[in-house]
Protein chains: 2
Amino acid sequence: MTLAEENYLKAIYHLEQQFPKGVSTNALAEEMKTKASSATDMVKKLAEKDMLTHIPYQGATLSEAGRGYAVKVIRRHRLWEVFLVEKLNFSWDEVHEVAEHLEHINSDKLIDELDAFLEFPIYDPHGDPIPDKQGHFKHIEKIVLAKAEVGSTYKCVGVDDTSSKFLKYLDSNAIGLGTIMTIKHKEPFDNSIKIALEHSEMVVSQSVAKNLYLKKV
Amino acid sequence: MTLAEENYLKAIYHLEQQFPKGVSTNALAEEMKTKASSATDMVKKLAEKDMLTHIPYQGATLSEAGRGYAVKVIRRHRLWEVFLVEKLNFSWDEVHEVAEHLEHINSDKLIDELDAFLEFPIYDPHGDPIPDKQGHFKHIEKIVLAKAEVGSTYKCVGVDDTSSKFLKYLDSNAIGLGTIMTIKHKEPFDNSIKIALEHSEMVVSQSVAKNLYLKKV
DNA sequence: CTTATAATTTAGACAAAACTAAAAATATGT
DNA sequence: ACATATTTTTAGTTTTGTCTAAATTATAAG
(Lines give C-alpha, C1' and ligand atoms only; values in the text may rest on other atoms or scores of the structure.)
Protein backbone atom coordinates (compact mmCIF):
# COMPACT_ATOMS: atom_id res chain seq x y z
CA MET A 1 0.00 0.00 0.00
CA THR A 2 1.36 3.35 -1.00
CA LEU A 3 0.84 6.53 0.98
CA ALA A 4 -1.95 7.71 -1.31
CA GLU A 5 -3.69 4.34 -1.20
CA GLU A 6 -3.60 4.31 2.60
CA ASN A 7 -5.11 7.78 2.76
CA TYR A 8 -7.93 6.80 0.41
CA LEU A 9 -8.67 3.65 2.41
CA LYS A 10 -8.86 5.70 5.58
CA ALA A 11 -11.16 8.24 3.94
CA ILE A 12 -13.46 5.54 2.59
CA TYR A 13 -13.54 3.88 6.00
CA HIS A 14 -14.65 7.12 7.64
CA LEU A 15 -17.24 7.87 4.95
CA GLU A 16 -18.71 4.38 5.29
CA GLN A 17 -19.96 5.31 8.77
CA GLN A 18 -21.98 8.07 7.14
CA PHE A 19 -22.91 6.22 3.93
CA PRO A 20 -23.11 2.53 4.79
CA LYS A 21 -24.62 1.65 1.40
CA GLY A 22 -21.51 2.74 -0.47
CA VAL A 23 -19.25 5.74 -0.71
CA SER A 24 -19.87 8.01 -3.67
CA THR A 25 -17.07 9.30 -5.86
CA ASN A 26 -17.99 12.89 -5.09
CA ALA A 27 -18.00 12.40 -1.33
CA LEU A 28 -14.64 10.70 -1.54
CA ALA A 29 -13.17 13.41 -3.74
CA GLU A 30 -14.38 16.07 -1.34
CA GLU A 31 -12.94 14.25 1.68
CA MET A 32 -9.61 13.86 -0.10
CA LYS A 33 -9.66 17.44 -1.34
CA THR A 34 -9.18 16.30 -4.89
CA LYS A 35 -11.24 15.91 -8.06
CA ALA A 36 -13.84 13.24 -8.78
CA SER A 37 -11.81 11.88 -11.68
CA SER A 38 -8.86 11.28 -9.38
CA ALA A 39 -11.11 9.51 -6.91
CA THR A 40 -12.44 7.29 -9.70
CA ASP A 41 -8.90 6.35 -10.72
CA MET A 42 -7.88 5.43 -7.20
CA VAL A 43 -11.06 3.50 -6.49
CA LYS A 44 -10.36 1.48 -9.62
CA LYS A 45 -6.86 0.73 -8.44
CA LEU A 46 -8.00 -0.28 -4.97
CA ALA A 47 -10.69 -2.50 -6.49
CA GLU A 48 -8.01 -4.27 -8.53
CA LYS A 49 -6.11 -4.90 -5.32
CA ASP A 50 -9.27 -6.35 -3.76
CA MET A 51 -9.37 -3.66 -1.12
CA LEU A 52 -12.93 -2.75 -2.08
CA THR A 53 -15.76 -3.52 -4.43
CA HIS A 54 -16.91 -0.85 -6.79
CA ILE A 55 -20.02 -0.75 -8.93
CA PRO A 56 -19.67 2.06 -11.49
CA TYR A 57 -22.05 4.96 -10.87
CA GLN A 58 -23.07 3.36 -7.57
CA GLY A 59 -20.36 3.55 -4.96
CA ALA A 60 -17.49 1.80 -3.22
CA THR A 61 -17.54 -0.58 -0.25
CA LEU A 62 -14.44 -1.80 1.55
CA SER A 63 -13.61 -5.50 1.48
CA GLU A 64 -12.54 -7.28 4.66
CA ALA A 65 -8.92 -6.74 3.65
CA GLY A 66 -9.51 -3.07 2.90
CA ARG A 67 -11.32 -2.45 6.16
CA GLY A 68 -8.60 -4.25 8.07
CA TYR A 69 -5.95 -2.14 6.43
CA ALA A 70 -7.84 1.07 7.14
CA VAL A 71 -8.22 0.10 10.79
CA LYS A 72 -4.51 -0.58 10.96
CA VAL A 73 -3.75 2.92 9.72
CA ILE A 74 -6.23 4.38 12.19
CA ARG A 75 -4.61 2.43 15.01
CA ARG A 76 -1.22 3.85 14.07
CA HIS A 77 -2.61 7.37 13.82
CA ARG A 78 -4.29 7.30 17.21
CA LEU A 79 -1.37 5.70 19.02
CA TRP A 80 0.95 8.39 17.68
CA GLU A 81 -1.53 11.04 18.82
CA VAL A 82 -1.38 9.66 22.34
CA PHE A 83 2.41 9.70 22.17
CA LEU A 84 2.52 13.29 20.95
CA VAL A 85 0.17 14.56 23.65
CA GLU A 86 1.42 12.50 26.58
CA LYS A 87 5.13 12.43 25.91
CA LEU A 88 5.92 15.39 23.66
CA ASN A 89 3.66 18.08 25.11
CA PHE A 90 1.54 18.56 22.01
CA SER A 91 -1.89 20.03 22.62
CA TRP A 92 -4.89 18.26 21.17
CA ASP A 93 -5.25 20.69 18.32
CA GLU A 94 -1.62 20.24 17.20
CA VAL A 95 -1.39 16.48 16.92
CA HIS A 96 -3.37 15.77 13.82
CA GLU A 97 -1.03 17.00 11.11
CA VAL A 98 2.06 15.25 12.45
CA ALA A 99 0.13 12.04 13.14
CA GLU A 100 -1.01 12.11 9.50
CA HIS A 101 2.58 11.50 8.55
CA LEU A 102 3.58 9.14 11.35
CA GLU A 103 0.62 6.86 10.60
CA HIS A 104 2.18 5.78 7.29
CA ILE A 105 5.29 4.24 8.76
CA ASN A 106 4.69 0.56 8.40
CA SER A 107 6.48 -1.48 11.03
CA ASP A 108 4.63 -3.90 13.27
CA LYS A 109 7.41 -3.88 15.82
CA LEU A 110 7.33 -0.08 15.94
CA ILE A 111 3.60 0.07 16.61
CA ASP A 112 3.47 -2.83 19.04
CA GLU A 113 6.34 -1.41 21.08
CA LEU A 114 4.81 2.06 20.97
CA ASP A 115 1.53 0.59 22.19
CA ALA A 116 3.33 -1.08 25.10
CA PHE A 117 5.37 2.04 25.85
CA LEU A 118 2.14 4.03 26.14
CA GLU A 119 0.68 1.25 28.32
CA PHE A 120 -1.95 0.10 25.82
CA PRO A 121 -4.16 3.17 25.69
CA ILE A 122 -7.79 2.62 24.70
CA TYR A 123 -8.68 6.19 23.70
CA ASP A 124 -6.80 8.83 21.78
CA PRO A 125 -6.57 12.47 22.91
CA HIS A 126 -9.89 13.28 21.21
CA GLY A 127 -11.68 10.44 22.94
CA ASP A 128 -11.76 8.19 19.88
CA PRO A 129 -11.19 4.50 20.55
CA ILE A 130 -7.89 2.91 19.52
CA PRO A 131 -8.30 -0.50 17.87
CA ASP A 132 -6.14 -3.25 19.32
CA LYS A 133 -3.65 -5.29 17.32
CA GLN A 134 -6.46 -7.51 16.03
CA GLY A 135 -8.41 -4.47 14.87
CA HIS A 136 -11.08 -4.61 17.56
CA PHE A 137 -12.46 -1.37 19.00
CA LYS A 138 -13.50 -1.02 22.60
CA HIS A 139 -16.93 0.47 22.28
CA ILE A 140 -17.95 3.35 24.48
CA GLU A 141 -21.55 4.41 24.84
CA LYS A 142 -21.47 8.12 24.67
CA ILE A 143 -24.14 10.76 24.18
CA VAL A 144 -23.91 14.18 22.69
CA LEU A 145 -24.09 17.14 25.11
CA ALA A 146 -27.14 18.45 23.24
CA LYS A 147 -29.07 15.38 24.43
CA ALA A 148 -27.86 15.35 28.03
CA GLU A 149 -30.50 15.71 30.71
CA VAL A 150 -30.77 18.63 33.07
CA GLY A 151 -29.59 17.81 36.56
CA SER A 152 -27.30 14.92 35.60
CA THR A 153 -23.53 14.87 35.84
CA TYR A 154 -21.32 13.71 32.97
CA LYS A 155 -17.70 13.20 32.02
CA CYS A 156 -16.39 14.54 28.72
CA VAL A 157 -15.20 11.57 26.64
CA GLY A 158 -14.71 12.94 23.17
CA VAL A 159 -15.37 15.45 20.43
CA ASP A 160 -16.89 15.18 17.00
CA ASP A 161 -15.44 18.29 15.37
CA THR A 162 -11.65 18.05 15.70
CA SER A 163 -10.88 21.39 14.06
CA SER A 164 -8.19 23.43 15.69
CA LYS A 165 -10.71 26.26 16.26
CA PHE A 166 -13.09 24.10 18.25
CA LEU A 167 -10.37 22.42 20.29
CA LYS A 168 -8.84 25.76 21.15
CA TYR A 169 -12.25 27.03 22.26
CA LEU A 170 -12.57 24.05 24.59
CA ASP A 171 -9.04 24.53 25.91
CA SER A 172 -9.66 28.18 26.67
CA ASN A 173 -12.76 27.21 28.65
CA ALA A 174 -10.96 24.50 30.61
CA ILE A 175 -12.86 21.69 28.97
CA GLY A 176 -10.87 18.60 28.08
CA LEU A 177 -11.12 14.82 28.09
CA GLY A 178 -12.23 13.74 31.55
CA THR A 179 -13.72 17.08 32.52
CA ILE A 180 -16.73 16.61 34.80
CA MET A 181 -19.80 18.75 34.20
CA THR A 182 -23.37 19.04 35.44
CA ILE A 183 -26.20 20.19 33.19
CA LYS A 184 -27.89 23.19 34.80
CA HIS A 185 -30.35 24.42 32.20
CA LYS A 186 -31.40 23.99 28.60
CA GLU A 187 -32.64 27.12 26.88
CA PRO A 188 -35.40 26.16 24.42
CA PHE A 189 -35.14 29.45 22.52
CA ASP A 190 -31.68 28.88 21.00
CA ASN A 191 -30.89 25.38 22.33
CA SER A 192 -27.97 26.74 24.32
CA ILE A 193 -27.04 24.87 27.50
CA LYS A 194 -25.81 26.11 30.83
CA ILE A 195 -23.28 23.76 32.42
CA ALA A 196 -21.40 23.76 35.70
CA LEU A 197 -17.73 22.79 35.69
CA GLU A 198 -15.66 22.23 38.79
CA HIS A 199 -14.96 25.88 39.49
CA SER A 200 -17.19 27.76 37.11
CA GLU A 201 -20.42 27.91 35.18
CA MET A 202 -20.80 28.68 31.51
CA VAL A 203 -23.27 28.67 28.65
CA VAL A 204 -22.46 26.80 25.47
CA SER A 205 -24.18 27.28 22.13
CA GLN A 206 -26.04 24.55 20.27
CA SER A 207 -23.18 24.10 17.80
CA VAL A 208 -20.82 23.36 20.68
CA ALA A 209 -23.38 21.09 22.36
CA LYS A 210 -23.67 18.98 19.21
CA ASN A 211 -19.93 18.32 19.04
CA LEU A 212 -19.11 17.29 22.58
CA TYR A 213 -19.51 13.67 23.71
CA LEU A 214 -20.32 12.80 27.30
CA LYS A 215 -20.70 9.72 29.42
CA LYS A 216 -22.87 9.58 32.50
CA VAL A 217 -20.99 9.29 35.80
CA MET B 1 12.17 19.06 -0.20
CA THR B 2 10.66 15.77 -1.27
CA LEU B 3 11.56 12.42 0.25
CA ALA B 4 13.86 11.55 -2.67
CA GLU B 5 15.59 14.93 -2.52
CA GLU B 6 16.24 14.55 1.20
CA ASN B 7 17.76 11.12 0.69
CA TYR B 8 20.05 12.40 -2.04
CA LEU B 9 21.19 15.33 0.10
CA LYS B 10 21.99 12.97 2.93
CA ALA B 11 23.93 10.65 0.61
CA ILE B 12 25.92 13.54 -0.86
CA TYR B 13 26.66 14.81 2.64
CA HIS B 14 28.08 11.44 3.66
CA LEU B 15 30.10 11.07 0.45
CA GLU B 16 31.60 14.52 0.86
CA GLN B 17 33.52 13.25 3.90
CA GLN B 18 35.19 10.76 1.60
CA PHE B 19 35.45 12.95 -1.50
CA PRO B 20 35.82 16.52 -0.29
CA LYS B 21 36.61 17.83 -3.79
CA GLY B 22 33.21 16.87 -5.13
CA VAL B 23 30.94 13.86 -5.25
CA SER B 24 30.97 11.92 -8.52
CA THR B 25 27.79 10.80 -10.22
CA ASN B 26 28.84 7.18 -10.06
CA ALA B 27 29.62 7.24 -6.35
CA LEU B 28 26.27 8.90 -5.70
CA ALA B 29 24.39 6.41 -7.84
CA GLU B 30 26.06 3.53 -6.03
CA GLU B 31 25.25 4.98 -2.61
CA MET B 32 21.63 5.48 -3.63
CA LYS B 33 21.46 2.06 -5.24
CA THR B 34 20.25 3.57 -8.46
CA LYS B 35 21.63 4.32 -11.92
CA ALA B 36 24.04 7.09 -12.86
CA SER B 37 21.47 8.71 -15.13
CA SER B 38 19.03 9.02 -12.24
CA ALA B 39 21.74 10.58 -10.10
CA THR B 40 22.48 13.11 -12.84
CA ASP B 41 18.81 14.07 -13.03
CA MET B 42 18.51 14.59 -9.29
CA VAL B 43 21.79 16.50 -9.03
CA LYS B 44 20.48 18.84 -11.70
CA LYS B 45 17.28 19.36 -9.79
CA LEU B 46 19.06 20.01 -6.51
CA ALA B 47 21.42 22.45 -8.29
CA GLU B 48 18.39 24.38 -9.55
CA LYS B 49 17.14 24.60 -5.97
CA ASP B 50 20.55 25.95 -4.89
CA MET B 51 21.17 22.98 -2.65
CA LEU B 52 24.47 22.27 -4.37
CA THR B 53 26.79 23.35 -7.16
CA HIS B 54 27.42 20.98 -9.97
CA ILE B 55 30.04 21.20 -12.70
CA PRO B 56 29.16 18.67 -15.40
CA TYR B 57 31.62 15.79 -15.57
CA GLN B 58 33.31 17.06 -12.42
CA GLY B 59 31.16 16.50 -9.36
CA ALA B 60 28.70 17.98 -6.89
CA THR B 61 29.36 20.03 -3.76
CA LEU B 62 26.68 20.96 -1.25
CA SER B 63 25.85 24.63 -0.73
CA GLU B 64 25.43 26.01 2.77
CA ALA B 65 21.68 25.52 2.45
CA GLY B 66 22.11 21.97 1.18
CA ARG B 67 24.54 21.03 3.92
CA GLY B 68 22.25 22.56 6.53
CA TYR B 69 19.32 20.58 5.23
CA ALA B 70 21.32 17.34 5.17
CA VAL B 71 22.42 17.91 8.77
CA LYS B 72 18.81 18.49 9.74
CA VAL B 73 17.79 15.13 8.29
CA ILE B 74 20.72 13.44 10.04
CA ARG B 75 19.67 15.03 13.32
CA ARG B 76 16.16 13.68 12.90
CA HIS B 77 17.44 10.22 11.99
CA ARG B 78 19.76 9.92 14.97
CA LEU B 79 17.26 11.27 17.48
CA TRP B 80 14.71 8.72 16.33
CA GLU B 81 17.33 5.99 16.65
CA VAL B 82 17.88 6.95 20.27
CA PHE B 83 14.14 6.88 20.84
CA LEU B 84 13.75 3.45 19.28
CA VAL B 85 16.57 1.93 21.30
CA GLU B 86 15.94 3.61 24.63
CA LYS B 87 12.16 3.71 24.71
CA LEU B 88 10.92 1.02 22.34
CA ASN B 89 13.42 -1.77 23.00
CA PHE B 90 14.86 -1.87 19.50
CA SER B 91 18.34 -3.36 19.25
CA TRP B 92 20.99 -1.36 17.47
CA ASP B 93 20.79 -3.47 14.36
CA GLU B 94 17.02 -2.96 14.02
CA VAL B 95 16.77 0.81 14.22
CA HIS B 96 18.12 1.90 10.89
CA GLU B 97 15.28 0.94 8.57
CA VAL B 98 12.53 2.48 10.66
CA ALA B 99 14.59 5.62 11.32
CA GLU B 100 15.00 5.97 7.55
CA HIS B 101 11.28 6.64 7.41
CA LEU B 102 10.88 8.66 10.59
CA GLU B 103 13.65 11.04 9.53
CA HIS B 104 11.49 12.47 6.74
CA ILE B 105 8.75 13.79 8.97
CA ASN B 106 9.29 17.50 8.91
CA SER B 107 8.06 19.20 12.07
CA ASP B 108 10.35 21.38 14.15
CA LYS B 109 8.13 21.04 17.19
CA LEU B 110 8.19 17.25 16.86
CA ILE B 111 11.98 17.07 16.74
CA ASP B 112 12.61 19.68 19.43
CA GLU B 113 10.20 18.00 21.81
CA LEU B 114 11.62 14.58 21.02
CA ASP B 115 15.09 15.96 21.73
CA ALA B 116 13.93 17.26 25.10
CA PHE B 117 12.03 14.05 25.89
CA LEU B 118 15.24 12.08 25.31
CA GLU B 119 17.14 14.63 27.45
CA PHE B 120 19.22 16.06 24.63
CA PRO B 121 21.34 13.06 23.71
CA ILE B 122 24.71 13.79 22.11
CA TYR B 123 25.35 10.38 20.55
CA ASP B 124 23.10 7.94 18.76
CA PRO B 125 23.08 4.19 19.48
CA HIS B 126 25.97 3.62 17.08
CA GLY B 127 28.11 6.29 18.73
CA ASP B 128 27.60 8.86 15.98
CA PRO B 129 27.21 12.46 17.19
CA ILE B 130 23.78 14.09 17.01
CA PRO B 131 23.89 17.67 15.70
CA ASP B 132 22.09 20.22 17.86
CA LYS B 133 19.27 22.44 16.64
CA GLN B 134 21.78 24.82 15.09
CA GLY B 135 23.43 21.96 13.23
CA HIS B 136 26.58 21.85 15.33
CA PHE B 137 28.19 18.50 16.09
CA LYS B 138 29.88 17.76 19.37
CA HIS B 139 33.19 16.35 18.21
CA ILE B 140 34.56 13.25 19.86
CA GLU B 141 38.15 12.19 19.42
CA LYS B 142 38.03 8.52 18.86
CA ILE B 143 40.50 6.00 17.55
CA VAL B 144 39.95 2.78 15.74
CA LEU B 145 40.59 -0.44 17.71
CA ALA B 146 43.20 -1.47 15.13
CA LYS B 147 45.34 1.46 16.28
CA ALA B 148 44.84 1.08 20.02
CA GLU B 149 47.96 0.46 22.07
CA VAL B 150 48.70 -2.72 23.98
CA GLY B 151 48.22 -2.33 27.71
CA SER B 152 45.82 0.62 27.55
CA THR B 153 42.16 0.57 28.53
CA TYR B 154 39.44 2.01 26.30
CA LYS B 155 35.72 2.56 26.14
CA CYS B 156 33.75 1.57 23.03
CA VAL B 157 32.20 4.74 21.58
CA GLY B 158 31.04 3.76 18.13
CA VAL B 159 31.15 1.60 15.05
CA ASP B 160 31.99 2.31 11.44
CA ASP B 161 30.21 -0.61 9.78
CA THR B 162 26.56 -0.48 10.85
CA SER B 163 25.49 -3.61 9.01
CA SER B 164 23.14 -5.88 10.88
CA LYS B 165 25.69 -8.71 10.63
CA PHE B 166 28.43 -6.75 12.36
CA LEU B 167 26.16 -5.37 15.06
CA LYS B 168 24.80 -8.82 15.82
CA TYR B 169 28.38 -10.14 16.07
CA LEU B 170 29.15 -7.44 18.64
CA ASP B 171 25.95 -8.15 20.55
CA SER B 172 26.67 -11.84 20.75
CA ASN B 173 30.09 -11.07 22.19
CA ALA B 174 28.72 -8.63 24.76
CA ILE B 175 30.30 -5.60 23.13
CA GLY B 176 28.20 -2.46 23.01
CA LEU B 177 28.46 1.29 23.40
CA GLY B 178 30.22 1.99 26.67
CA THR B 179 31.87 -1.42 26.95
CA ILE B 180 35.29 -1.16 28.64
CA MET B 181 38.17 -3.18 27.23
CA THR B 182 41.90 -3.53 27.69
CA ILE B 183 44.24 -4.37 24.82
CA LYS B 184 46.20 -7.51 25.69
CA HIS B 185 48.11 -8.38 22.56
CA LYS B 186 48.42 -7.54 18.89
CA GLU B 187 49.28 -10.43 16.62
CA PRO B 188 51.49 -9.13 13.78
CA PHE B 189 50.87 -12.20 11.64
CA ASP B 190 47.19 -11.51 10.87
CA ASN B 191 46.65 -8.19 12.72
CA SER B 192 44.19 -9.83 15.09
CA ILE B 193 43.93 -8.35 18.57
CA LYS B 194 43.36 -9.98 21.92
CA ILE B 195 41.21 -7.87 24.22
CA ALA B 196 39.99 -8.27 27.78
CA LEU B 197 36.40 -7.39 28.60
CA GLU B 198 34.98 -7.21 32.09
CA HIS B 199 34.43 -10.93 32.50
CA SER B 200 36.14 -12.49 29.53
CA GLU B 201 38.93 -12.35 27.00
CA MET B 202 38.56 -12.69 23.27
CA VAL B 203 40.43 -12.31 19.99
CA VAL B 204 39.01 -10.11 17.27
CA SER B 205 40.05 -10.17 13.64
CA GLN B 206 41.50 -7.23 11.76
CA SER B 207 38.24 -6.54 9.97
CA VAL B 208 36.48 -6.16 13.30
CA ALA B 209 39.34 -4.06 14.71
CA LYS B 210 39.01 -1.59 11.84
CA ASN B 211 35.32 -1.01 12.49
CA LEU B 212 35.22 -0.39 16.23
CA TYR B 213 35.83 3.07 17.64
CA LEU B 214 37.34 3.53 21.08
CA LYS B 215 38.16 6.36 23.43
CA LYS B 216 40.91 6.17 26.03
CA VAL B 217 39.68 6.07 29.63
C1' DC C 1 -41.89 9.89 -20.91
C1' DT C 2 -38.92 13.17 -22.14
C1' DT C 3 -35.68 16.60 -20.83
C1' DA C 4 -32.64 19.06 -17.75
C1' DT C 5 -29.33 18.54 -14.27
C1' DA C 6 -26.18 16.30 -11.47
C1' DA C 7 -22.87 12.64 -10.72
C1' DT C 8 -19.56 9.66 -12.64
C1' DT C 9 -16.38 7.91 -15.83
C1' DT C 10 -13.16 8.20 -19.79
C1' DA C 11 -9.53 10.24 -22.47
C1' DG C 12 -5.55 12.74 -22.79
C1' DA C 13 -1.76 15.44 -20.33
C1' DC C 14 1.53 16.47 -16.85
C1' DA C 15 5.18 16.23 -13.09
C1' DA C 16 8.31 13.40 -10.25
C1' DA C 17 11.55 9.95 -10.10
C1' DA C 18 13.02 6.12 -11.85
C1' DC C 19 14.87 3.20 -16.00
C1' DT C 20 17.47 1.75 -20.70
C1' DA C 21 20.17 2.75 -24.46
C1' DA C 22 23.01 5.72 -26.77
C1' DA C 23 25.95 9.76 -27.20
C1' DA C 24 29.49 12.79 -25.40
C1' DA C 25 33.30 13.96 -22.47
C1' DT C 26 37.16 12.71 -19.81
C1' DA C 27 40.96 9.65 -18.43
C1' DT C 28 44.42 6.13 -19.26
C1' DG C 29 48.05 3.19 -21.33
C1' DT C 30 51.54 2.67 -24.35
C1' DA D 1 49.55 11.59 -29.16
C1' DC D 2 46.11 8.48 -30.05
C1' DA D 3 43.08 4.67 -29.39
C1' DT D 4 40.52 2.63 -25.78
C1' DA D 5 38.11 2.42 -21.58
C1' DT D 6 35.47 4.74 -18.18
C1' DT D 7 32.44 8.16 -16.58
C1' DT D 8 28.82 11.23 -17.29
C1' DT D 9 25.10 13.13 -19.69
C1' DT D 10 21.15 13.14 -22.91
C1' DA D 11 17.03 11.28 -24.97
C1' DG D 12 13.18 8.77 -24.73
C1' DT D 13 9.98 5.60 -21.63
C1' DT D 14 7.52 4.10 -17.53
C1' DT D 15 4.71 4.47 -13.27
C1' DT D 16 2.02 6.92 -9.82
C1' DG D 17 -1.14 10.18 -8.80
C1' DT D 18 -2.89 14.15 -10.21
C1' DC D 19 -5.47 17.43 -13.49
C1' DT D 20 -8.97 19.36 -17.30
C1' DA D 21 -12.27 18.65 -20.59
C1' DA D 22 -15.47 15.82 -22.69
C1' DA D 23 -18.58 11.99 -22.74
C1' DT D 24 -21.66 8.94 -20.39
C1' DT D 25 -25.03 7.44 -17.00
C1' DA D 26 -28.34 8.30 -13.38
C1' DT D 27 -31.85 11.25 -11.16
C1' DA D 28 -35.51 14.48 -10.92
C1' DA D 29 -39.10 17.57 -12.65
C1' DG D 30 -42.65 18.51 -15.39
Below 3.5 Å is the cut-off: list the nitrogen or oxygen pairs between protein and nucleotides 1-4 of chain C, distance only.
none

field: Distance in angstrom units between B:Met42 CE and D:dT10 P, rounded
entry: 16 Å

message: The side chain of A:Ser38 is closest to which nucleotide in this list: C:dT10, C:dC19, D:dC19?
response: D:dC19

message: Go through it in stages, so that I can follow the logic: the residues are A:Tyr8 and A:Thr34, the test is side-chain contact (heavy atoms from CB on, under 4.5 Å), and I'd like the CA-CA distance, side-chain angles, deciding distance and then a yes or no.
response: CA-CA 11 Å; A:Tyr8 271 93; A:Thr34 184; 3.5 Å; yes

task: State, without any angle test, whether B:Asn7 and B:His104 hold a side-chain donor-acceptor pair at a distance under 3.5 Å.
output: yes

- prompt: For B:Glu31 and B:His14, does a side-chain donor sit closer than 3.5 Å to a side-chain acceptor?
  reply: no

message: Expressed as a whole number of angstroms, how long is the span from B:Tyr8:OH to C:dA16:C1'?
response: 12 Å

- request: Name the nucleic acid region contacted by A:Ala4, choosing base, sugar-phosphate or nothing; use a 4.0 angstrom heavy-atom cut-off, strictly under.
  value: sugar-phosphate

message: For a 4.5 angstrom cut-off between non-hydrogen side-chain atoms, does A:Phe83 reach A:Phe90?
response: no

- line: Sorted by number, residues from residues 17-31 of chain A placing a heavy atom under 4.0 Å from DNA chain C are A:Ser24, A:Thr25, A:Asn26

Heavy atoms from other residues, nucleotides or ligands near NZ of A:Lys49 exceed 12 (cutoff 6.0 Å): yes

task: Round to a whole Å and report the spacing from NZ of A:Lys35 to C1' of C:dA13.
output: 15 Å

Partner of A:Leu212 under side chain to side chain contact (heavy atoms under 4.5 Å, CB included), chosen from A:Leu170, A:Val157, A:Ile143, A:Val204: A:Leu170

task: Verify the neighbour count for atom CD of A:Glu100: are there more than 12 heavy atoms of other residues, nucleotides or ligands below 6.0 Å?
output: yes

- prompt: Under 4.0 Å between a side-chain N or O of A:His54 and OP1 or OP2 of C:dT9?
  reply: yes

- prompt: Which whole-number value in Å describes the distance from B:Leu46 CG to C:dA16 C1'?
  reply: 13 Å

- request: Between protein and nucleotides 21-28 of chain D, map the contacts as a letter string: B base, S sugar-phosphate only, - none, heavy atoms under 4.0 Å, written 5' to 3'.
  value: ---BSS--

task: Report which part of the nucleic acid A:Thr40 touches: base, sugar-phosphate, or nothing (heavy-atom distance under 4.0 Å, all strands).
output: base

Minimum side-chain heavy-atom gap A:Leu118-A:Lys87 below 4.5 Å: yes

d(NZ, B:Lys44; C1', D:dA11) in whole Å: 10 Å

query: In whole angstroms, how far is the P atom of D:dT20 from the CG atom of A:Asp41?
result: 13 Å

- prompt: Just by distance, with hydrogens left out, do B:Ser24 and B:Asn26 show a side-chain donor and acceptor under 3.5 Å apart?
  reply: no

message: Could you tell me how far apart B:Leu3 (CG) and C:dA18 (P) are, to the nearest whole angstrom?
response: 10 Å

- prompt: Atom CG of B:Asn7 to atom C1' of C:dA18: distance rounded to whole Å?
  reply: 14 Å

query: Side chains of A:Ser163 and A:Asp161: do they bring a donor and an acceptor to under 3.5 Å?
result: yes

field: Ring-face cation contact, A:Tyr154 with A:Lys215, 6.0 Å cut, 45° max
entry: no

- prompt: If every non-hydrogen atom of A:Lys186 is compared with every non-hydrogen atom of A:Ala146, which pair is closest and at what distance?
  reply: NZ-O, 3.1 Å

